[in-house]
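First the structure, in the form of structure tokens, and then the observations on it.
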Amino acid sequence: MDRPVEVVDYPFTSPPASGEAVEIQDGLLWMRVGLPMRPSHLNIYAFDEGDSWTIVDTGMNVKSVRAEWQALLVGPLAAKPVGRVILTHYHPDHVGLVGWFQKEHGAELWCTQATWLFARMLTLDVQTEYTKETIAFWKAAGMDEDILAERQSSKPFCFADVVYPMPLGYRRIYDSETVSIGDKQWTVRMGQGHAPDQATFWGVDHDLVLAADQVLPRITPNLGVYATEPEADSVGAWIKSCKHLREFARANQLALPGHQMPFTGLDARLDQLVVIQTDALEELLEYLAEPRRASDCFDVLYGRRIGKSEYGLALVEAVGHLNHLHQTGRVTRSKNEDGAWLWKAVGD
Ligand SMILES: [Zn+2]
Ligand SMILES: [Zn+2]
């Protein structure tokens, strides 16, 4: 969901060009690599460890991104090797080149246990056709028949298509643990809803926050539900995390997100995000005065036409909202004869 009103400030006026870095402060570089989708770039942060770099997140394992990395490795990062990768969460735009850094550069990997298990499981889970559980999940969400037919007749997206194989071995990071990155101390705080146990890092004695995709300045993170856990209340989990993280947020912190621009006003942004999603739930509830499928809810949730490229993400997020309303007792659901859930507000 897009938000027109901005409650944050952007201390940096323009992002780094491909292959270049912006120095956020002494020993901390901000770089970007491209993505074949919206948002169009992933932010990479590099911390000077003296004799090596720690980098946060990596981009997808596709030719263009590997070329961008080659330029970074002989450019702004040339002085020393990448010794450690911190992975904020398992999504392919973040994990894609982790295995490459481990295998080809000898870097160690630090991430949460859920991140590592999801990333490695999905990378190994190569499918030649969509599983029957995934098809049933999409039918239950009321996926458009043409889109479903097109997907069923094409090769499924596999993690391994865009994620380099991950070797065994990582260093687990724990919620509330203090870790050292660069010359600074950080507290790990996990967020839920966008990805399980997504790691964010909060300055212990400084005002930097590595916000990952948990908090983005201009869009709400996707809160999708998948066939792996069809009943997940992703929206409820994410709102709960936002409220928890809000306790540690201050206006003057510089938030370094996974996408878009670094920003200040993290406290106001967290408040705003909760309001945006809470309002969306209320509007959706009104719309459910009549029984609807998840796929009927795009207009009310997104307020704009959803194109084919966004359809999948829009659908899984609509399920997240409906699951939340269902599990908090505000809607009931029944299976239609075509296998789709019909969701309806309780009462009246
Ligand atoms: Zn993500
Ligand atoms: Zn991301």
Side-chain angles (χ1 to χ4, degrees), residues 1-3 15-16 30-46 55-62 64-65 68-69 85-99 101 109-123 157-159 161-164 166 173 188-201 209-226 228-229 232 234-235 237-239 241-242 245 255-263 269-270 273 277 309-310 312-317 319-320:
M1 273 163 269
D2 297 298
R3 176 78 184 179
W30 168 34
M31 297 156 291
R32 302 200 309 175
V33 292
L35 294 175
M37 63 208 193
R38 285 181 68 205
S40 60
H41 291 83
L42 174 78
N43 291 324
I44 311 280
Y45 303 102
I55 58 166
V56 179
D57 293 331
T58 66
M60 285 185 179
N61 179 29
V62 293
S64 59
V65 175
E68 288 191 280
W69 264 114
V85 180
I86 292 177
L87 175 62
T88 58
H89 63 298
Y90 79 89
H91 288 164
D93 49 328
H94 298 253
V95 72
L97 286 165
V98 162
F101 277 105
L109 167 62
W110 287 37
C111 60
T112 68
Q113 187 177 46
T115 293
W116 193 80
L117 292 174
F118 260 91
R120 188 161 153 90
M121 171 185 74
L122 290 170
T123 309
F157 164 77
C158 290
F159 241 59
D161 298 341
V162 293
V163 177
Y164 193 94
M166 292 179 71
I173 51 179
V188 177
R189 302 193 195 286
M190 288 191 198
Q192 311 296 337
H194 175 69
D197 290 356
Q198 177 169 205
T200 61
F201 299 83
V209 177
L210 289 165
D213 287 3
Q214 190 70 29
V215 191
L216 299 171
R218 284 205 166 129
I219 51 172
T220 58
N222 189 271
L223 305 176
V225 172
Y226 298 89
T228 38
E229 191 188 347
S234 54
V235 171
W238 185 78
I239 290 174
S241 286
C242 284
L245 295 174
L256 304 174
H259 306 277
Q260 306 178 324
M261 302 284 280
F263 62 97
R269 181 59 177 157
L270 279 162
L273 283 166
Q277 290 294 16
S309 64
E310 300 172 288
L313 285 174
L315 188 66
V316 294
E317 187 166 68
V319 175

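Keep in mind the model is a prediction, meaning the values are calculated, not measured. We count residues from 1, following the sequence as given. Order of appearance sets the numbers: ligands from 1, and atoms from 1 within every ligand.
Taking both residues in full, the closest heavy atoms of Ala119 and Val95 are given as CB-CG2, 3.9 Å, listed atom of the first, atom of the second, then distance. Looking at every heavy atom in both residues, Trp30 comes nearest to Asn43 through NE1-OD1, 2.9 Å.
By the side chain to side chain donor-acceptor pair (under 3.5 Å) test, Asp93 pairs with His259, sequence neighbours left out. Qualifying ring-ring contact (aromatic ring centres under 6.0 Å, His included) partners for Trp116, counting only residues two or more places apart in sequence or in other chains: Tyr170. Applying the side chain to side chain donor-acceptor pair (under 3.5 Å) rule to Gln260 yields no partners; only residues at least two apart in sequence or on another chain are considered.
Of all protein N/O/S atoms, those under 2.8 Å from the Zn ion (ligand 1) are His89 NE2, His91 ND1, His194 NE2, Asp213 OD2, and waters are not counted.
There is a side-chain donor-acceptor pair under 3.5 Å between His89 and Asp213.
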